Amino acid sequence: MAKVFEKPKALTGKPNHYCPGCTHGIVHRLVAEAIDDLGIRENTVGVAPVGCAVLAYEYFNVDMHEAAHGRAPAVATGIKRVLPDNVVFTYQGDGDLASIGTAEIVHAANRGEKLTTIFINNAIYGMTGGQMAPTSLLGQVTATSPYGRSAETEGHPIRMSEMLATIEGTAYVERVSLHDIKNILKAKKAIKKAFEVQIAGKGFAMVEILSTCPTNWGMAPAEALKWVKDNMIPYYPLGVKKEVV
Amino acid sequence: MAKVLMKGNEAIAEAAIQAGCRYFFGYPITPQNEIPAYMAKMLPKVGGSFIQAESEVSAINMVYGAAGAGGRVMTSSSSPGISLKQEGISYIAGAELPCLIVNIVRGGPGLGGIQPAQSDYFQAVKGGGHGDYRVVVLAPAGIQEMADLVIDAFDIADRYRNPVMIMGDGMLGQMMEPVEFAKKEVTISEKPWATIGNKEGKPRNIINSLFLDTQDMENHVLKLFEKYKEIEKNEVRVECYNCEDAEIIIAAYGTTARIAKNVIQKAGAQGIKVGLIRPITLWPFPTDVFKKWAEADHVKSFLTVEMSMGQMIEDVRLSIKDTKPVHFYGRTGGMVPLPGDLLKEIIKIRGEK
Amino acid sequence: MAQELIISGFGGQGVMSMGQLLTYAGMLEGKNVSWLPSYGPEMRGGTAYCSVIITEEMVGSPIVNEATAVIAMNLPSMERFERTVNPGGLLIVNSSLVNKKADRTDIDVCYVPANEIADELGNTRVANMVILGAFLQKTRAVSEDSIIESLKGVLGSSKEHLIPLNREALKRGTQSVNP
Ligand SMILES: Cc1ncc(C[n+]2csc(CCOP(=O)(O)OP(=O)(O)O)c2C)c(N)n1
Ligand code: SF4
């Protein structure tokens, strides 16, 4: 039991700025635990996004690089080409990865870059105050879809994991959720696997994590977790989308 | 219509709708998010179209397309997003299309911060994108002026077939002041050059900025610059405040001009005569007005005040050809000058002479 | 007298809307006004504040660095803004949430148990109206009628039924301090 509450070495321990009940904090911990478990802390370089996790460089106790909005996979590619023996990961939100940075993520995967991407899908733009994300669900009301997202004008929510699974260079993609303990443990395993795939040199690896934004969803944290289970999972089925063995 | 209390960002959006703008393409970024939010709500009600694009690059190219098709169109963003739009702005200027671009400036470079700044002056007035071109840049200093300039901006854009930029900052975007919308009839001029389908017997319309033949390219740029000369002749806007007997003239626009006005009153109370030249058009720059006041004997020096390390100061110095000293006071990175500090600077300058 | 005021509290205490009401009321009375919010990530859980200017003169900078009055709805707000009150100026403290006295002796300090009074009225959320009442009593910056008039504009017809509660909260605030 005691071990659970210990601070992972790969976290600085600086109190984070996330809203109460936000799942960004949980994911930080899971990523740090995976880094600790694999003993790669001193060999890892992380790339922070532009989004609520923009300050990830304050929290991960590894060398970090702050990228422009959406460009983390390109920045990570540059880092990896200089340091092929290091472990390089990006941590990106759905606006960062699935909107402005679609080209970068698709082509990093397509080149089979040996990178690990942690993709936080919370179906909204958190940092900028609750605008529609490409992953927002149909009917979801946001600051820029005040009448609810409509397929007619905004298109359908984008399933990045399924899309990236079709790419040759992708070695591993899994979608996980954080809505209960059982799923958090699964998420932890998936994150660790995504690092192992990179270390084994198999290709691009990504874990999509269904997450919450209680603040901009206008929900209490528990209610938000239930919303993930009831609304997000039916549209974003969990599981391994691709694994090269 | 009665006065209402509005944020600068909301006033921009409402004014655009009243000016007949029906197309908005943007991407979220602080501190301008109220503009797209307002447009997302209101445009569908007036038969318009709002799209949150996948990026600023995409948004400005939607503007390029819509403008070419003859739509009254705009986009808005803040500094890092405006950097991404520069490619599109260069194409729009090259293809001679009208549109409005709003920049609610924040501190930089890089990701920077989200607090007000004026450090995108060079980018706005000296090009920004590649090539020989100009963008008309309007710099409001209050919410009423913001609304009024939006309406004028669309007309200027149409008249000269040129992109127009409104440059505010985080403070002007977020603050509220009373604003009144003078319900003007909007008349949007004909756009015979728009690509709306080639009607039998009419020449085809092509929106383009490619000129592989060097002579053609040069001729095109020369034609653009003929147009820019007209704009420089007709569109300069400037406010002069307390200049008649000033010994020091402050040059400032937007937010810093507001602060300057406070300080001018305080200085006046201490017997120091300070005036203000407030460019409302940053391009075309009010060169002649600066020249005129520089020739006045009572004016001993100029003081440029900016929320940057000093960008507009270059235009002030060029305008007066350094015939009088041009001092500088600025804060940057999201810091706004304090009236007290500016007053100290004025007292210091006065002691120096 | 020109009012240059800072209203500060937690996000959710209604400090922004209190400032807007005051600004709106000033506008209705034909004065020159401005309202400037703090913005950014600071809003999450931290202190949110706005600067309000109501004056017969021109409004230059909307930023208030030297305040004629500060309303502090919580402790961090008092700690941050007590020093910005001009000598002889006014500090109104929500004593329901701040159990500390101000350090300054050169200013007028009023302690208003705004949350308690609001609770007595059956709705904690009108604590901001209570403290606004106290501010009006001290400064006469705008009339109560103008505030109610602005409130009608802000609430819209669907929430007209909330007007009597707000009016009562204002009144109780007025009575909580000496003019
Ligand atoms: C070029 C550019 N455009 C826009 C922004 C503004 N911006 C900051 S974060 C963000 C989106 C955040 O959403 P997401 O990636 O989903 O992450 P979350 O905040 O939800 O974790 C945007 C649009 C920016 N910083 N740079
Ligand atoms: S805004 Fe949303 S995503 Fe951002 S920290 Fe708060 S809850 Fe998390």
Side-chain angles (χ1 to χ4, degrees), chain A residues 47-57 64-72 74-75 93-106 124-136 140-150 152-155 157-158 160 163 213 216, chain B residues 7 9-10 13 22-62 75-87 104 106 108-114 170 173-174:
Chain A
V47 183
V50 175
C52 280
V54 66
L55 294 178
Y57 57 79
M64 294 287 294
H65 198 126
E66 216 300 301
H69 193 26
R71 317 300 178 212
V75 173
D94 44 43
D96 200 75
L97 182 141
S99 189
I100 194 168
T102 345
E104 282 77 3
I105 196 71
V106 165
I124 206 153
Y125 284 26
M127 179 78 164
T128 40
Q131 293 81 9
M132 192 188 76
T135 51
S136 295
Q140 194 177 331
V141 172
T142 70
T144 48
S145 57
Y147 307 108
R149 180 181 189 156
S150 131
E152 181 70 30
T153 43
E154 283 94 37
I158 195 164
M160 288 308 291
M163 183 177 137
C213 177
N216 288 300
Chain B
K7 280 190 170 193
N9 286 336
E10 295 163 346
R22 290 296 176 267
Y23 308 95
F24 182 97
F25 309 110
Y27 188 77
I29 187 165
T30 311
Q32 62 83 56
N33 287 317
E34 293 81 4
I35 303 176
Y38 197 96
M39 288 306 213
K41 210 173 216 164
M42 301 310 286
L43 276 178
K45 292 189 182 171
V46 292
S49 196
F50 166 89
I51 296 180
Q52 179 180 311
E54 70 273 26
S55 69
E56 291 87 350
V57 177
S58 176
I60 192 71
N61 282 289
M62 291 176 184
T75 185
S76 68
S77 189
S78 176
S79 310
I82 295 291
S83 290
L84 285 179
K85 288 186 200 288
Q86 293 303 331
E87 175 194 63
I104 302 297
R106 60 188 233 181
L111 190 49
I114 58 176
Q174 294 297 322

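Within every chain, numbering begins at 1; the chains are lettered A, B, ... in the order of the sequence lines, protein sequences first and strands thereafter. Just so we're clear, the structure is a prediction, and the values are computed from it rather than from any experiment.
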Practice problem: Under 4.5 Å, heavy atom to heavy atom: which of residues 77-85 of chain B reach chain A? Give them by number, or say none. | Solution: B/L84

Quiz item: Hey, which residues of residues 31-38 of chain B are touching chain A, say heavy atoms under 4.5 Å apart?
Solution: B/N33, B/P36, B/A37

Quiz item: Closest approach of A/T128 and B/I29, non-hydrogen atoms and distance?
Solution: CG2-CA, 4.1 Å

Quiz prompt | Exercise: identify the closest heavy-atom pair between A/H69 and B/Y27 | solution = NE2-OH, 2.9 Å

Quiz item: Where do B/A40 and A/A143 come nearest, in terms of heavy atoms and distance?
Solution: CB-O, 4.2 Å

Quiz item: Mind checking which of residues 48-57 of chain B sit less than 4.5 Å from chain A, heavy atom to heavy atom?
Solution: B/F50, B/Q52, B/A53, B/E54, B/S55, B/E56

Quiz item: For A/R71, which residues count as a salt bridge (charged side-chain N to carboxylate O under 4.0 Å, His left out) partner, sequence neighbours excluded?
Solution: A/E104

Practice problem: Could you tell me the separation between the OG1 atom of A/T144 and the CZ atom of B/F24, rounded to the nearest 0.5 Å? | Solution: 10.5 Å

